[in-house]
2 protein chains.
Amino acid sequence: MVKSRSRDSNFDCVTCIMRHRSDWSVLGRDEVALLAGGQSSYSYSAGESVYSMGEAGVGVYCVCSGTVAIRRLDAEGNSVLLQLAYPGDTLGYEAVLTGEPHRCNAEALGPANVCHITTKTVKALLDNNPNLGLQFLRRTAASLDDAQDKLVHHATLSNRAKLAHLLLILMDRYGRHTADGTSTLHLPVSRRDLASMIGARHETVSRIIGRFETDGIAYFSGRSVRIPQVNALVEEIRPQLVG
Amino acid sequence: MVKSRSRDSNFDCVTCIMRHRSDWSVLGRDEVALLAGGQSSYSYSAGESVYSMGEAGVGVYCVCSGTVAIRRLDAEGNSVLLQLAYPGDTLGYEAVLTGEPHRCNAEALGPANVCHITTKTVKALLDNNPNLGLQFLRRTAASLDDAQDKLVHHATLSNRAKLAHLLLILMDRYGRHTADGTSTLHLPVSRRDLASMIGARHETVSRIIGRFETDGIAYFSGRSVRIPQVNALVEEIRPQLVG
DNA sequence: GGGGCGCATTGACCAACGTCAAATTTTGTT
DNA sequence: AACAAAATTTGACGTTGGTCAATGCGCCCC
(Lines give C-alpha, C1' and ligand atoms only; values in the text may rest on other atoms or scores of the structure.)
Protein backbone atom coordinates (compact mmCIF):
# COMPACT_ATOMS: atom_id res chain seq x y z
CA MET A 1 0.00 0.00 0.00
CA VAL A 2 3.00 2.29 0.50
CA LYS A 3 3.54 4.64 -2.43
CA SER A 4 6.42 6.95 -1.82
CA ARG A 5 8.70 6.22 -4.76
CA SER A 6 11.13 8.95 -5.52
CA ARG A 7 12.14 10.46 -8.82
CA ASP A 8 15.54 9.37 -10.04
CA SER A 9 17.29 10.85 -13.05
CA ASN A 10 20.17 8.42 -13.06
CA PHE A 11 18.33 6.07 -15.38
CA ASP A 12 17.80 6.91 -19.00
CA CYS A 13 16.52 4.65 -21.76
CA VAL A 14 19.16 5.79 -24.24
CA THR A 15 21.99 4.51 -22.10
CA CYS A 16 20.06 1.77 -20.27
CA ILE A 17 21.87 -1.54 -20.55
CA MET A 18 18.76 -3.55 -19.82
CA ARG A 19 17.04 -2.07 -22.84
CA HIS A 20 18.95 -4.42 -25.10
CA ARG A 21 17.51 -7.40 -23.27
CA SER A 22 14.00 -6.02 -23.21
CA ASP A 23 11.04 -5.70 -25.55
CA TRP A 24 12.34 -2.25 -26.44
CA SER A 25 15.37 -3.70 -28.20
CA VAL A 26 13.38 -3.71 -31.44
CA LEU A 27 13.35 0.09 -31.49
CA GLY A 28 15.52 2.16 -33.82
CA ARG A 29 17.62 5.12 -32.77
CA ASP A 30 14.92 7.72 -33.33
CA GLU A 31 12.39 5.63 -31.51
CA VAL A 32 14.64 5.23 -28.51
CA ALA A 33 14.85 9.03 -28.37
CA LEU A 34 11.06 9.18 -28.38
CA LEU A 35 10.98 6.55 -25.64
CA ALA A 36 13.47 8.49 -23.55
CA GLY A 37 11.39 11.63 -23.95
CA GLY A 38 8.22 10.02 -22.61
CA GLN A 39 9.87 8.23 -19.72
CA SER A 40 10.53 8.96 -16.06
CA SER A 41 12.66 6.84 -13.77
CA TYR A 42 11.77 6.18 -10.16
CA SER A 43 13.47 4.52 -7.22
CA TYR A 44 11.42 2.21 -5.05
CA SER A 45 12.31 0.63 -1.77
CA ALA A 46 11.10 -2.69 -0.44
CA GLY A 47 7.34 -2.97 -0.30
CA GLU A 48 6.54 0.13 -2.33
CA SER A 49 3.77 -0.21 -4.88
CA VAL A 50 4.36 0.42 -8.57
CA TYR A 51 0.68 0.13 -9.40
CA SER A 52 -2.39 -1.43 -7.80
CA MET A 53 -5.40 -3.49 -8.77
CA GLY A 54 -8.32 -1.35 -9.86
CA GLU A 55 -6.25 1.67 -10.87
CA ALA A 56 -6.50 2.90 -14.44
CA GLY A 57 -3.39 2.28 -16.51
CA VAL A 58 -1.39 5.46 -17.02
CA GLY A 59 1.41 3.87 -19.00
CA VAL A 60 3.73 0.90 -18.91
CA TYR A 61 6.59 0.19 -16.56
CA CYS A 62 10.02 -1.17 -17.34
CA VAL A 63 12.10 -2.75 -14.60
CA CYS A 64 15.69 -1.43 -14.66
CA SER A 65 16.96 -3.06 -11.50
CA GLY A 66 15.57 -5.12 -8.63
CA THR A 67 12.62 -7.51 -8.53
CA VAL A 68 8.94 -6.61 -8.80
CA ALA A 69 6.22 -8.95 -7.53
CA ILE A 70 2.98 -9.23 -9.49
CA ARG A 71 0.14 -10.17 -7.17
CA ARG A 72 -3.58 -10.67 -7.43
CA LEU A 73 -6.05 -10.62 -4.55
CA ASP A 74 -9.33 -12.50 -4.46
CA ALA A 75 -12.62 -11.33 -2.99
CA GLU A 76 -11.64 -12.45 0.53
CA GLY A 77 -8.30 -10.65 0.40
CA ASN A 78 -6.10 -13.69 -0.21
CA SER A 79 -3.01 -12.61 -2.08
CA VAL A 80 -1.47 -14.84 -4.74
CA LEU A 81 2.00 -14.08 -6.07
CA LEU A 82 1.63 -14.76 -9.79
CA GLN A 83 4.96 -13.68 -11.20
CA LEU A 84 8.32 -12.15 -10.42
CA ALA A 85 9.45 -9.44 -12.81
CA TYR A 86 13.14 -8.80 -13.40
CA PRO A 87 15.28 -6.15 -15.12
CA GLY A 88 14.22 -5.84 -18.74
CA ASP A 89 10.63 -6.92 -18.08
CA THR A 90 7.83 -4.61 -19.11
CA LEU A 91 4.71 -4.41 -16.94
CA GLY A 92 1.23 -3.07 -17.10
CA TYR A 93 0.59 -2.96 -20.83
CA GLU A 94 -2.64 -4.95 -20.56
CA ALA A 95 -4.31 -1.97 -18.89
CA VAL A 96 -2.95 0.40 -21.52
CA LEU A 97 -4.10 -1.79 -24.40
CA THR A 98 -7.56 -2.60 -23.17
CA GLY A 99 -8.39 0.56 -21.23
CA GLU A 100 -9.42 -1.66 -18.33
CA PRO A 101 -8.06 -1.05 -14.82
CA HIS A 102 -5.05 -3.03 -13.62
CA ARG A 103 -5.93 -6.59 -12.59
CA CYS A 104 -2.85 -7.03 -10.42
CA ASN A 105 -0.68 -5.25 -7.89
CA ALA A 106 2.95 -4.63 -8.76
CA GLU A 107 5.24 -4.13 -5.76
CA ALA A 108 8.99 -3.78 -5.40
CA LEU A 109 10.43 -6.65 -3.35
CA GLY A 110 13.59 -4.75 -2.54
CA PRO A 111 15.33 -1.59 -3.72
CA ALA A 112 14.39 -1.23 -7.37
CA ASN A 113 14.48 1.20 -10.25
CA VAL A 114 11.48 1.22 -12.52
CA CYS A 115 10.86 3.50 -15.47
CA HIS A 116 7.41 4.77 -16.28
CA ILE A 117 6.51 5.30 -19.94
CA THR A 118 3.37 7.31 -20.62
CA THR A 119 0.42 5.84 -22.48
CA LYS A 120 0.82 8.47 -25.16
CA THR A 121 4.44 7.48 -25.78
CA VAL A 122 3.62 3.77 -25.84
CA LYS A 123 0.83 4.28 -28.35
CA ALA A 124 3.06 6.45 -30.52
CA LEU A 125 5.77 3.79 -30.49
CA LEU A 126 3.30 1.01 -31.26
CA ASP A 127 2.02 3.01 -34.22
CA ASN A 128 5.52 3.79 -35.35
CA ASN A 129 7.02 0.33 -35.08
CA PRO A 130 4.79 -2.75 -35.46
CA ASN A 131 7.62 -4.94 -34.21
CA LEU A 132 7.14 -3.54 -30.72
CA GLY A 133 3.59 -4.90 -30.63
CA LEU A 134 4.79 -8.27 -31.90
CA GLN A 135 7.48 -8.26 -29.25
CA PHE A 136 4.86 -7.58 -26.55
CA LEU A 137 2.82 -10.38 -28.08
CA ARG A 138 5.71 -12.84 -27.88
CA ARG A 139 6.32 -11.87 -24.27
CA THR A 140 2.67 -12.19 -23.33
CA ALA A 141 2.44 -15.56 -25.08
CA ALA A 142 5.42 -16.73 -23.02
CA SER A 143 3.71 -15.54 -19.82
CA LEU A 144 0.57 -17.39 -20.83
CA ASP A 145 2.59 -20.52 -21.45
CA ASP A 146 4.14 -20.15 -18.02
CA ALA A 147 0.76 -19.66 -16.35
CA GLN A 148 -0.61 -22.73 -18.10
CA ASP A 149 2.33 -24.79 -16.93
CA LYS A 150 1.53 -23.68 -13.40
CA LEU A 151 -2.07 -24.75 -13.88
CA VAL A 152 -0.90 -28.20 -14.94
CA HIS A 153 1.36 -28.41 -11.90
CA HIS A 154 -1.42 -27.30 -9.58
CA ALA A 155 -3.59 -30.04 -11.02
CA THR A 156 -1.07 -32.86 -10.78
CA LEU A 157 1.65 -32.22 -8.20
CA SER A 158 1.65 -32.40 -4.41
CA ASN A 159 2.54 -29.28 -2.44
CA ARG A 160 5.88 -30.85 -1.64
CA ALA A 161 6.65 -31.36 -5.32
CA LYS A 162 5.46 -27.86 -6.17
CA LEU A 163 7.73 -26.34 -3.52
CA ALA A 164 10.68 -28.33 -4.82
CA HIS A 165 9.91 -27.12 -8.32
CA LEU A 166 9.64 -23.52 -7.17
CA LEU A 167 13.00 -23.75 -5.41
CA LEU A 168 14.57 -25.01 -8.63
CA ILE A 169 13.12 -22.06 -10.55
CA LEU A 170 14.37 -19.59 -7.94
CA MET A 171 17.79 -21.28 -8.09
CA ASP A 172 18.11 -20.17 -11.71
CA ARG A 173 18.10 -16.55 -10.69
CA TYR A 174 19.10 -16.42 -7.04
CA GLY A 175 21.20 -19.55 -6.63
CA ARG A 176 24.95 -19.93 -6.32
CA HIS A 177 26.84 -23.14 -6.90
CA THR A 178 29.92 -23.89 -4.86
CA ALA A 179 32.80 -26.15 -5.75
CA ASP A 180 31.69 -29.19 -3.72
CA GLY A 181 28.31 -29.51 -5.45
CA THR A 182 26.46 -27.68 -2.69
CA SER A 183 24.21 -24.85 -3.78
CA THR A 184 22.92 -21.89 -1.85
CA LEU A 185 19.94 -19.70 -2.52
CA HIS A 186 18.75 -16.41 -1.12
CA LEU A 187 14.95 -16.32 -1.28
CA PRO A 188 13.51 -13.06 -2.61
CA VAL A 189 10.16 -13.61 -0.90
CA SER A 190 8.61 -14.48 2.45
CA ARG A 191 7.27 -17.93 3.37
CA ARG A 192 3.77 -16.58 2.97
CA ASP A 193 4.55 -15.60 -0.60
CA LEU A 194 6.20 -18.95 -1.25
CA ALA A 195 2.97 -20.53 0.00
CA SER A 196 0.78 -18.40 -2.25
CA MET A 197 2.98 -19.22 -5.24
CA ILE A 198 2.30 -22.92 -4.86
CA GLY A 199 -1.29 -22.56 -3.72
CA ALA A 200 -0.80 -23.73 -0.15
CA ARG A 201 -1.11 -22.30 3.38
CA HIS A 202 1.97 -20.87 4.98
CA GLU A 203 1.78 -23.42 7.80
CA THR A 204 1.96 -26.16 5.20
CA VAL A 205 5.06 -24.61 3.67
CA SER A 206 6.66 -24.46 7.13
CA ARG A 207 6.01 -28.17 7.57
CA ILE A 208 7.32 -29.12 4.13
CA ILE A 209 10.47 -27.14 4.89
CA GLY A 210 10.81 -29.10 8.11
CA ARG A 211 10.51 -32.36 6.19
CA PHE A 212 13.01 -31.20 3.57
CA GLU A 213 15.45 -30.65 6.43
CA THR A 214 14.89 -34.01 8.13
CA ASP A 215 15.19 -35.65 4.71
CA GLY A 216 18.47 -33.84 4.07
CA ILE A 217 17.17 -32.22 0.90
CA ALA A 218 17.40 -28.53 1.80
CA TYR A 219 18.29 -26.53 4.90
CA PHE A 220 16.59 -23.21 5.61
CA SER A 221 17.77 -20.36 7.77
CA GLY A 222 15.69 -17.26 7.35
CA ARG A 223 15.75 -16.59 3.65
CA SER A 224 18.95 -18.53 3.08
CA VAL A 225 18.67 -22.04 1.71
CA ARG A 226 21.45 -24.60 1.41
CA ILE A 227 20.90 -27.45 -1.01
CA PRO A 228 23.48 -30.25 -0.83
CA GLN A 229 22.33 -32.02 -3.99
CA VAL A 230 20.26 -30.09 -6.49
CA ASN A 231 19.34 -33.41 -8.07
CA ALA A 232 17.50 -34.40 -4.92
CA LEU A 233 15.07 -31.56 -5.58
CA VAL A 234 14.55 -32.74 -9.14
CA GLU A 235 13.68 -36.19 -7.81
CA GLU A 236 11.01 -34.65 -5.61
CA ILE A 237 9.06 -33.40 -8.57
CA ARG A 238 8.08 -36.78 -10.01
CA PRO A 239 4.86 -37.67 -8.17
CA GLN A 240 5.62 -41.32 -7.60
CA LEU A 241 7.84 -43.34 -9.83
CA VAL A 242 6.61 -46.91 -10.00
CA GLY A 243 9.14 -49.58 -9.13
CA MET B 1 -4.80 -38.90 -31.62
CA VAL B 2 -7.24 -39.30 -34.49
CA LYS B 3 -6.49 -37.02 -37.40
CA SER B 4 -8.87 -37.60 -40.25
CA ARG B 5 -10.32 -34.15 -40.75
CA SER B 6 -11.82 -33.61 -44.16
CA ARG B 7 -11.49 -30.68 -46.52
CA ASP B 8 -14.58 -28.54 -46.70
CA SER B 9 -15.09 -25.72 -49.16
CA ASN B 10 -18.31 -24.43 -47.68
CA PHE B 11 -16.46 -22.03 -45.42
CA ASP B 12 -14.78 -18.98 -46.81
CA CYS B 13 -13.31 -16.05 -44.88
CA VAL B 14 -14.82 -13.47 -47.19
CA THR B 15 -18.35 -14.54 -46.32
CA CYS B 16 -17.64 -15.95 -42.85
CA ILE B 17 -19.99 -14.42 -40.29
CA MET B 18 -17.69 -15.25 -37.38
CA ARG B 19 -14.93 -13.17 -38.90
CA HIS B 20 -16.60 -10.01 -37.68
CA ARG B 21 -16.41 -11.25 -34.13
CA SER B 22 -12.84 -12.43 -34.42
CA ASP B 23 -9.35 -10.97 -34.38
CA TRP B 24 -9.57 -10.76 -38.15
CA SER B 25 -12.23 -8.07 -37.98
CA VAL B 26 -9.46 -5.46 -38.07
CA LEU B 27 -8.59 -6.41 -41.66
CA GLY B 28 -9.54 -4.30 -44.64
CA ARG B 29 -11.16 -5.61 -47.81
CA ASP B 30 -7.90 -6.35 -49.63
CA GLU B 31 -6.48 -8.07 -46.59
CA VAL B 32 -9.53 -10.29 -46.25
CA ALA B 33 -8.94 -11.36 -49.83
CA LEU B 34 -5.35 -12.22 -48.93
CA LEU B 35 -6.62 -14.13 -45.90
CA ALA B 36 -9.12 -16.05 -48.00
CA GLY B 37 -6.37 -16.98 -50.45
CA GLY B 38 -4.15 -18.50 -47.76
CA GLN B 39 -6.86 -20.37 -45.98
CA SER B 40 -8.36 -23.86 -46.13
CA SER B 41 -11.43 -24.97 -44.28
CA TYR B 42 -11.75 -28.40 -42.67
CA SER B 43 -14.53 -30.34 -41.01
CA TYR B 44 -13.70 -32.21 -37.85
CA SER B 45 -15.79 -34.67 -35.96
CA ALA B 46 -15.74 -35.31 -32.22
CA GLY B 47 -12.32 -36.22 -30.92
CA GLU B 48 -10.33 -35.29 -33.99
CA SER B 49 -7.12 -33.42 -33.43
CA VAL B 50 -6.52 -29.97 -34.91
CA TYR B 51 -2.90 -29.94 -33.78
CA SER B 52 -0.81 -31.71 -31.17
CA MET B 53 1.84 -30.91 -28.57
CA GLY B 54 5.31 -31.09 -30.01
CA GLU B 55 4.34 -30.49 -33.61
CA ALA B 56 5.82 -27.51 -35.43
CA GLY B 57 3.33 -24.74 -36.09
CA VAL B 58 2.31 -24.65 -39.75
CA GLY B 59 -0.11 -21.77 -39.40
CA VAL B 60 -2.94 -20.54 -37.26
CA TYR B 61 -6.44 -21.95 -36.89
CA CYS B 62 -9.71 -20.11 -36.72
CA VAL B 63 -12.76 -21.80 -35.27
CA CYS B 64 -15.81 -21.30 -37.50
CA SER B 65 -18.23 -23.57 -35.69
CA GLY B 66 -18.19 -26.01 -32.81
CA THR B 67 -15.96 -26.13 -29.73
CA VAL B 68 -12.26 -26.91 -29.61
CA ALA B 69 -10.58 -28.10 -26.40
CA ILE B 70 -7.05 -26.87 -25.64
CA ARG B 71 -5.23 -29.47 -23.52
CA ARG B 72 -1.78 -29.91 -22.08
CA LEU B 73 -0.24 -33.15 -20.87
CA ASP B 74 2.40 -33.44 -18.18
CA ALA B 75 5.30 -35.87 -18.08
CA GLU B 76 3.15 -38.67 -16.61
CA GLY B 77 0.46 -38.28 -19.24
CA ASN B 78 -2.08 -36.42 -17.12
CA SER B 79 -4.23 -34.29 -19.36
CA VAL B 80 -5.41 -30.87 -18.21
CA LEU B 81 -8.12 -29.04 -20.14
CA LEU B 82 -6.89 -25.46 -20.15
CA GLN B 83 -9.37 -23.68 -22.34
CA LEU B 84 -12.41 -24.09 -24.54
CA ALA B 85 -12.23 -22.30 -27.88
CA TYR B 86 -15.37 -21.09 -29.61
CA PRO B 87 -16.31 -19.73 -33.04
CA GLY B 88 -14.27 -16.64 -33.78
CA ASP B 89 -11.32 -17.75 -31.63
CA THR B 90 -7.91 -18.01 -33.23
CA LEU B 91 -5.56 -20.79 -32.13
CA GLY B 92 -1.95 -21.75 -32.47
CA TYR B 93 -0.29 -18.41 -33.14
CA GLU B 94 2.22 -18.83 -30.32
CA ALA B 95 3.95 -21.56 -32.33
CA VAL B 96 3.93 -19.41 -35.46
CA LEU B 97 5.34 -16.39 -33.66
CA THR B 98 8.07 -18.09 -31.71
CA GLY B 99 8.98 -20.91 -34.06
CA GLU B 100 8.66 -23.29 -31.12
CA PRO B 101 6.54 -26.45 -31.35
CA HIS B 102 2.97 -26.40 -30.08
CA ARG B 103 2.73 -26.63 -26.30
CA CYS B 104 -0.86 -27.89 -26.30
CA ASN B 105 -3.20 -30.24 -28.05
CA ALA B 106 -6.22 -28.80 -29.81
CA GLU B 107 -9.09 -31.22 -30.31
CA ALA B 108 -12.63 -30.83 -31.61
CA LEU B 109 -15.16 -31.69 -28.90
CA GLY B 110 -17.94 -32.26 -31.40
CA PRO B 111 -18.56 -31.60 -35.08
CA ALA B 112 -16.59 -28.48 -35.88
CA ASN B 113 -15.36 -26.40 -38.76
CA VAL B 114 -11.91 -24.93 -38.41
CA CYS B 115 -10.01 -22.89 -40.95
CA HIS B 116 -6.27 -23.21 -41.37
CA ILE B 117 -4.32 -20.14 -42.36
CA THR B 118 -0.75 -20.71 -43.52
CA THR B 119 2.22 -19.23 -41.68
CA LYS B 120 3.15 -17.31 -44.81
CA THR B 121 -0.26 -15.67 -44.98
CA VAL B 122 -0.28 -14.83 -41.29
CA LYS B 123 3.14 -13.21 -41.51
CA ALA B 124 2.13 -11.25 -44.58
CA LEU B 125 -0.98 -9.98 -42.83
CA LEU B 126 0.94 -9.06 -39.68
CA ASP B 127 3.40 -7.09 -41.81
CA ASN B 128 0.61 -5.47 -43.72
CA ASN B 129 -1.62 -4.46 -40.84
CA PRO B 130 -0.10 -3.80 -37.39
CA ASN B 131 -3.57 -3.78 -35.86
CA LEU B 132 -3.78 -7.53 -36.38
CA GLY B 133 -0.80 -8.04 -34.08
CA LEU B 134 -2.29 -5.69 -31.50
CA GLN B 135 -5.54 -7.60 -31.73
CA PHE B 136 -3.69 -10.88 -31.11
CA LEU B 137 -1.96 -9.16 -28.21
CA ARG B 138 -5.26 -8.08 -26.66
CA ARG B 139 -6.62 -11.59 -27.05
CA THR B 140 -3.53 -13.18 -25.53
CA ALA B 141 -3.57 -10.72 -22.65
CA ALA B 142 -7.19 -11.69 -21.99
CA SER B 143 -6.21 -15.38 -21.98
CA LEU B 144 -3.38 -14.63 -19.57
CA ASP B 145 -5.79 -12.79 -17.31
CA ASP B 146 -8.11 -15.78 -17.41
CA ALA B 147 -5.29 -18.22 -16.60
CA GLN B 148 -4.20 -16.05 -13.68
CA ASP B 149 -7.72 -15.97 -12.33
CA LYS B 150 -7.72 -19.75 -12.46
CA LEU B 151 -4.44 -19.81 -10.54
CA VAL B 152 -5.99 -17.66 -7.84
CA HIS B 153 -8.99 -19.96 -7.66
CA HIS B 154 -6.79 -23.05 -7.47
CA ALA B 155 -4.96 -21.46 -4.58
CA THR B 156 -7.98 -20.38 -2.57
CA LEU B 157 -11.11 -22.37 -3.43
CA SER B 158 -12.18 -25.90 -2.52
CA ASN B 159 -12.89 -28.37 -5.31
CA ARG B 160 -16.59 -28.00 -4.57
CA ALA B 161 -16.39 -24.23 -5.02
CA LYS B 162 -14.30 -24.60 -8.16
CA LEU B 163 -16.83 -26.99 -9.70
CA ALA B 164 -19.67 -24.59 -8.87
CA HIS B 165 -17.70 -21.78 -10.49
CA LEU B 166 -17.00 -23.87 -13.58
CA LEU B 167 -20.69 -24.72 -13.94
CA LEU B 168 -21.52 -21.03 -13.82
CA ILE B 169 -19.01 -20.30 -16.56
CA LEU B 170 -20.37 -23.12 -18.73
CA MET B 171 -23.89 -21.78 -18.10
CA ASP B 172 -22.94 -18.59 -19.95
CA ARG B 173 -22.44 -20.50 -23.16
CA TYR B 174 -24.36 -23.74 -22.83
CA GLY B 175 -27.11 -22.85 -20.35
CA ARG B 176 -30.79 -22.20 -20.96
CA HIS B 177 -33.09 -20.42 -18.58
CA THR B 178 -36.71 -21.46 -18.32
CA ALA B 179 -39.64 -19.41 -17.15
CA ASP B 180 -39.82 -20.78 -13.59
CA GLY B 181 -36.27 -19.80 -12.69
CA THR B 182 -34.88 -23.27 -13.36
CA SER B 183 -31.86 -23.49 -15.63
CA THR B 184 -30.55 -26.35 -17.69
CA LEU B 185 -27.11 -26.94 -19.07
CA HIS B 186 -25.68 -29.37 -21.56
CA LEU B 187 -22.08 -30.09 -20.67
CA PRO B 188 -19.65 -30.01 -23.59
CA VAL B 189 -17.12 -32.22 -21.81
CA SER B 190 -16.80 -35.48 -19.90
CA ARG B 191 -16.53 -35.73 -16.11
CA ARG B 192 -12.84 -36.49 -16.51
CA ASP B 193 -12.37 -33.21 -18.35
CA LEU B 194 -14.45 -31.37 -15.77
CA ALA B 195 -12.12 -32.84 -13.17
CA SER B 196 -8.97 -31.78 -15.01
CA MET B 197 -10.38 -28.27 -15.44
CA ILE B 198 -10.65 -27.82 -11.69
CA GLY B 199 -7.52 -29.77 -10.81
CA ALA B 200 -9.24 -32.71 -9.15
CA ARG B 201 -9.62 -36.48 -9.73
CA HIS B 202 -12.64 -37.66 -11.61
CA GLU B 203 -13.82 -39.68 -8.62
CA THR B 204 -13.85 -36.50 -6.58
CA VAL B 205 -15.99 -34.78 -9.19
CA SER B 206 -18.41 -37.70 -9.11
CA ARG B 207 -18.74 -37.33 -5.36
CA ILE B 208 -19.19 -33.56 -5.47
CA ILE B 209 -21.93 -34.07 -8.05
CA GLY B 210 -23.56 -36.52 -5.66
CA ARG B 211 -23.44 -33.94 -2.89
CA PHE B 212 -24.81 -31.22 -5.16
CA GLU B 213 -27.78 -33.51 -5.79
CA THR B 214 -28.43 -34.36 -2.14
CA ASP B 215 -28.11 -30.66 -1.33
CA GLY B 216 -30.62 -29.78 -4.07
CA ILE B 217 -28.16 -27.51 -5.86
CA ALA B 218 -27.84 -29.27 -9.22
CA TYR B 219 -29.12 -32.51 -10.73
CA PHE B 220 -27.02 -34.39 -13.25
CA SER B 221 -28.10 -36.92 -15.84
CA GLY B 222 -25.39 -37.78 -18.31
CA ARG B 223 -24.26 -34.46 -19.67
CA SER B 224 -27.51 -32.72 -18.81
CA VAL B 225 -27.62 -30.58 -15.70
CA ARG B 226 -30.68 -29.02 -14.10
CA ILE B 227 -30.10 -26.13 -11.73
CA PRO B 228 -33.17 -25.01 -9.77
CA GLN B 229 -31.57 -21.83 -8.41
CA VAL B 230 -28.53 -20.45 -10.16
CA ASN B 231 -27.94 -18.31 -7.11
CA ALA B 232 -27.31 -21.42 -5.04
CA LEU B 233 -24.23 -22.08 -7.19
CA VAL B 234 -23.00 -18.54 -6.64
CA GLU B 235 -23.29 -19.08 -2.88
CA GLU B 236 -21.08 -22.15 -3.16
CA ILE B 237 -18.15 -20.10 -4.40
CA ARG B 238 -17.57 -18.10 -1.22
CA PRO B 239 -15.25 -20.30 0.90
CA GLN B 240 -16.92 -19.70 4.24
CA LEU B 241 -18.87 -16.63 5.06
CA VAL B 242 -18.40 -15.72 8.71
CA GLY B 243 -21.58 -15.40 10.77
C1' DG C 1 15.70 0.41 24.35
C1' DG C 2 11.06 -0.90 24.40
C1' DG C 3 6.75 -1.87 22.67
C1' DG C 4 4.05 -3.41 18.81
C1' DC C 5 3.24 -5.76 14.78
C1' DG C 6 3.70 -9.08 11.29
C1' DC C 7 6.00 -13.36 10.13
C1' DA C 8 7.23 -18.02 11.27
C1' DT C 9 7.00 -22.31 13.71
C1' DT C 10 4.72 -26.02 16.02
C1' DG C 11 0.98 -28.92 17.88
C1' DA C 12 -3.61 -30.95 17.84
C1' DC C 13 -7.34 -32.07 15.23
C1' DC C 14 -10.16 -33.36 11.35
C1' DA C 15 -12.30 -32.57 6.86
C1' DA C 16 -11.24 -32.90 2.18
C1' DC C 17 -9.28 -35.29 -1.15
C1' DG C 18 -6.49 -38.94 -3.48
C1' DT C 19 -5.81 -43.98 -4.17
C1' DC C 20 -7.18 -48.52 -5.14
C1' DA C 21 -10.60 -51.60 -6.47
C1' DA C 22 -14.91 -53.32 -8.06
C1' DA C 23 -19.41 -52.78 -9.94
C1' DT C 24 -22.33 -50.48 -13.31
C1' DT C 25 -23.57 -47.63 -17.11
C1' DT C 26 -22.69 -45.54 -21.37
C1' DT C 27 -20.69 -45.38 -25.80
C1' DG C 28 -18.79 -46.93 -29.95
C1' DT C 29 -17.86 -50.68 -33.21
C1' DT C 30 -18.48 -54.70 -35.92
C1' DA D 1 -27.97 -56.54 -31.91
C1' DA D 2 -23.86 -58.05 -29.60
C1' DC D 3 -19.61 -57.18 -28.02
C1' DA D 4 -15.72 -54.47 -26.47
C1' DA D 5 -13.91 -50.41 -24.61
C1' DA D 6 -14.31 -46.42 -22.07
C1' DA D 7 -16.54 -43.60 -18.72
C1' DT D 8 -18.81 -43.21 -14.43
C1' DT D 9 -20.21 -44.35 -9.90
C1' DT D 10 -19.52 -46.14 -5.41
C1' DG D 11 -17.10 -48.04 -1.38
C1' DA D 12 -13.25 -48.42 1.82
C1' DC D 13 -9.23 -46.53 3.42
C1' DG D 14 -5.16 -43.63 4.19
C1' DT D 15 -2.79 -39.37 3.54
C1' DT D 16 -2.41 -34.69 2.74
C1' DG D 17 -3.16 -30.50 3.86
C1' DG D 18 -6.31 -26.97 5.96
C1' DT D 19 -7.95 -24.84 10.46
C1' DC D 20 -7.40 -23.05 14.90
C1' DA D 21 -4.53 -21.70 18.49
C1' DA D 22 -0.45 -20.77 21.14
C1' DT D 23 4.23 -19.38 21.17
C1' DG D 24 8.56 -17.49 19.65
C1' DC D 25 11.24 -14.57 16.56
C1' DG D 26 12.60 -10.52 13.97
C1' DC D 27 12.03 -5.99 12.49
C1' DC D 28 10.52 -1.35 12.34
C1' DC D 29 9.21 2.78 14.49
C1' DC D 30 8.97 5.67 18.04
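These figures come from a predicted structure and were not determined experimentally. These numbers come from the heavy atoms of this one structure, side chains and all, not from hydrogens, waters or symmetry mates.
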F220(A) CZ - dT10(C) C1' separation (whole Å): 17 Å

What's the NZ-C1' distance between K162(A) and dG18(C), to the nearest Å? 13 Å

Looking at T204(B), I'd like to know whether one of its side-chain N or O atoms comes within less than 4.0 Å of OP1 or OP2 on dC17(C). no

Atom CZ of R223(A) and atom C1' of dA8(C): how far apart are they, to the nearest Å? 12 Å

Determine: side-chain N/O of R201(B) to OP1/OP2 of dT19(C), distance under 4.0 Å, yes or no. yes

Roughly, in whole Å, what's the span from NE2 in H202(B) to P in dA21(C)? 14 Å

What is the distance from CZ of R192(A) to P of dG26(D), rounded to the nearest Å? 17 Å

Give the ring-plane orientation class for Y61(B) versus H116(B), where under 30° counts as parallel, over 60° as perpendicular and anything between as tilted. tilted

For residues 166-182 of chain B, which residue pairs pass the salt bridge (charged side-chain N to carboxylate O under 4.0 Å, His left out) check, not counting sequence neighbours? none

Minimum-distance nucleotide (side-chain atoms of S190(A) versus dG18(D), dA8(C), dT8(D)): dA8(C)

To the nearest angstrom, the CZ-P distance between R207(A) and dC13(C) comes to 13 Å

From CD of E48(A) over to P of dC28(D), roughly how many Å is that when rounded to an integer? 14 Å

Most 5' of E203(A) and I208(B) on DNA chain C, judged by nearest nucleotide: E203(A)

Starting at the 5' end of DNA chain C and moving along, which residue's nearest nucleotide shows up first, A200(B) or D193(A)? D193(A)

Before accepting this row, confirm whether a basic side-chain N of the pair R160(B)/D215(B) lies closer than 4.0 Å to the acidic partner's carboxylate O. yes

Tell me: CD1 of I209(A) to C1' of dC7(C), nearest whole Å? 12 Å

Just to verify, what does L73(A) make a side chain to side chain contact (heavy atoms under 4.5 Å, CB included) with, not counting sequence neighbours? M53(A), S79(A), N105(A)

